[in-house]
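See below for the structure under consideration.
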Amino acid sequence: MRMKLVARDALLDRMIRKDFSNRRLAKYAECAPGTIDNLLNGRTQAVNKPRTAELICEALDVPLDVFFVPEISNNERQSTARRKVPA
């Protein structure tokens with residue numbers, strides 16, 4: 001399940017406050033530095049591995065749901081819509 005970044009500005013602010021560079025955060029989060037670069041520059045809005053999101057938040061001492069939420073795919077949306085019972 002992909003995890004969508006919902007607070008890019010807050011992530012950047014927290015990185016500055018905790019003195020984390022993109023590379024340092026990437027190393028802690030066990031991901032490529034480009035992953036952090038892309039999140040911060042808005043080129044991507046989600047990470048593929050939930051563990052990456054967890055490690056980013058752990059490094060910055062914030063709860064996971066401050067920066068990330070599970071991303072619902074189109075297939076999951078359609079499946080959920082079909083399961084709803086009409087009123």
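Judged as a side chain to side chain donor-acceptor pair (under 3.5 Å), and not counting sequence neighbours, the contacts of E54 are R51. Residues passing the side-chain contact (heavy atoms from CB on, under 4.5 Å) test with A32, sequence neighbours excluded: T35. With sequence neighbours left out, E58 forms a side chain to side chain donor-acceptor pair (under 3.5 Å) with Y28. R14 pairs by the side chain to side chain donor-acceptor pair (under 3.5 Å) definition with nothing, not counting sequence neighbours.
At least one side-chain heavy atom of L60 sits under 4.5 Å from a side-chain heavy atom of M15. Taking the side chain as every heavy atom from C-beta outward, E30 and L55 approach each other to under 4.5 Å. The side-chain heavy atoms of T52 and C31, taken from C-beta on, include a pair separated by under 4.5 Å. Between P70 and K4, every side-chain heavy-atom pair lies at or beyond the 4.5 Å cut-off. Within the 4.5 Å cutoff, the side chain of I36 has heavy atoms near those of the I56 side chain. Using a 4.5 Å heavy-atom threshold, the side chains of V62 and F67 count as touching.
Pairs passing the salt bridge (charged side-chain N to carboxylate O under 4.0 Å, His left out) check and including a residue from residues 16-27, sequence neighbours excluded, read D13-R17, K18-D61. For residues 34-46, there are no salt bridge (charged side-chain N to carboxylate O under 4.0 Å, His left out) pairs, not counting sequence neighbours.
Among all heavy-atom pairs drawn from C57 and L64, the shortest one is SG-CA, 3.7 Å. When all heavy atoms of A26 and P33 are compared, the closest pair comes out as CB-CA, 3.6 Å. For E71 against M1, the heavy-atom pair with the smallest separation is O-CG, 4.3 Å.
There is a path of hydrophobic side-chain contacts, each under 4.5 Å, that joins L39 to V66. Linking ILVMFWY residues whenever their side-chain heavy atoms come closer than 4.5 Å, directly or via other members, places F68 and L12 in the same cluster.
Side chain of R8 to main chain of L40: a donor-acceptor pair is present (N/O by atom type, distance under 3.5 Å, no hydrogens or angles).
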query = Would L5 and Q45 satisfy side chain to side chain contact (heavy atoms under 4.5 Å, CB included), going step by step from the backbone distance to the final call?
reply = CA-CA 6 Å; L5 178 64; Q45 297 177 358; 5.7 Å; no
